[in-house]
Amino acid sequence: MQEEILLQKITEIVHECGAILLSADDIKRKTHQKEGKGNFVTDYDSRIQEILEKRLLELVPGAAFLGEEGQMDHTDISRGYAFIVDPIDGTANFTRGYNTSCISVALALDGYPILGVVYNPYQIETFHAIKGKGAFLNGERIYTSDRTLVEGLILFGTAPYHAELTRKSFEIAYQYMSRAQDLRRSGSAALDLCMIASGRAEFYFELELCPWDYAAGALIVEEAGGLTGDLQGHPLTYGRKQTVTARAPRVELLEL
Ligand code: 2AM
Ligand code: CA
């Protein structure tokens with residue numbers, strides 16, 4: 001299927017799932033604790049993932065499917081097509097009615113994303129990118145900002161489910177923040193990446209993320225002219241957990 005048509009169909013599916021988020025009720029009763037502090041799942045995460053799995057695999061039959069919910073840690077995405085999907089990124093926000101969550105869908109080929117869609121139904125913002133064809137917000141081309149670190153806004157995730165990473169997360173945040181303008185913390189890695197892509201913020205990091213948290217967002221950042229990698233700038237991979245950074249091109253990584 002032609003990439004643009006595929007994008008249109010994926011976007012339609014993701015928008016339908018966004019409507020489920022907006023109409024969610026009685027979320028508290030439908031929330032369950034997962035392994036680790038601050039790590040939740042709701043009945044909506046599972047339901048949206050089921051819909052995404054069924055509908056996306058109809059579009060690309062035979063593709064692998066890696067999603068946050070379920071036993072998918074061993075899914076091999078290194079060859080052929082693979083969907084890498086987070087049904088709700090920002091689940092803790094969702095359970096609190098904080099209205100900062102999104103649906104994130106990436107299509108990867110031979111281990112690397114070639115198409116990404118991130119939809120925030122609360123702001124009606126759809127970010128997308130196709131490899132080599134730029135990044136867009138609601139159909140308009142977006143670019144990372146031309147600010148340097150001194151003028152920059154820092155975003156970070158605290159990896160709350162890994163208590164041993166808390167101190168290090170704040171030490172790194174302090175290093176960047178003390179050289180920058182200010183700092184924000186949203187609770188959704190995919191949306192943070194889209195903030196970098198759209199030039200609203202300049203540097204983002206989180207010490208441990210899963211591929212479904214960053215696969216779509218990282219492609220959107222790169223296609224918007226930004227840089228992604230780990231804390232040293234080594235390229236991201238998409239088959240395992242890792243540290244993720246994203247930045248506007250004039251922001252340099254600090255030697256920590
Ligand atoms: P989630 O809302 O889909 O769970 C918050 O710091 C960010 O980290 C969110 O994007 C959140 O995604 C993600 N996250 C939550 N639990 C995680 C885990 N166990 N491993 C990696 N990332 C996680
Ligand atoms: Ca999730």
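Positions are given from 1 along the sequence. Counting starts at 1 for both ligands and their atoms, in listed order.
Of all the N, O or S atoms in Glu68, the one closest to the Ca ion (ligand 2) is OE1. Nearest to the Ca ion (ligand 2), among the N, O or S atoms that Asp86 has, is OD1.
Alongside Phe40, the hydrophobic cluster contains no other residue (criterion: ILVMFWY side chains under 4.5 Å). Applying the 4.5 Å side-chain rule to ILVMFWY residues, one finds Leu149, Phe156, Leu165, Phe170, Ile172, Tyr176, Met177, Leu183, Phe203, Phe205, Leu207, Leu231, Val251, Leu253, Leu254, Leu256 in the same cluster as Ile154.
Rounding to the nearest 0.5 Å places CZ of Phe83 at 11.0 Å from CD of Glu53.
Salt-bridge formation is not detected for the pair Lys28/Asp26: no Lys NZ or Arg NE/NH1/NH2 atom is positioned less than 4.0 Å from an Asp or Glu carboxylate oxygen.
At a cut-off of 3.0 Å, Ile88 coordinates the Ca ion (ligand 2) through an N, O or S atom.
A side-chain hydrogen bond (donor to acceptor under 3.5 Å, both in side chains) check over residues 95-108, counting only residues at least two apart or in different chains, returns nothing.
Aromatic ring centres of Tyr44 and Phe94: separated by under 6.0 Å.
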In sequence, state the C-alpha distance, the side-chain angles, and the governing distance for Glu69 and Lys34, and then conclude on salt bridge (Lys or Arg N to Asp or Glu O under 4.0 Å). CA-CA 10 Å; Glu69 311 312 331; Lys34 286 209 291 193; 3.2 Å; yes
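Every protein residue with a heavy atom nearer than 4.0 Å to ligand 1 is included here: Asn39, Glu68, Asp86, Ile88, Asp89, Gly90, Thr91, Pro160, Tyr161, Arg185, Gly187, Ser188, Ala189, Glu206, Glu208, Leu209, Cys210, Asp213, Lys241.
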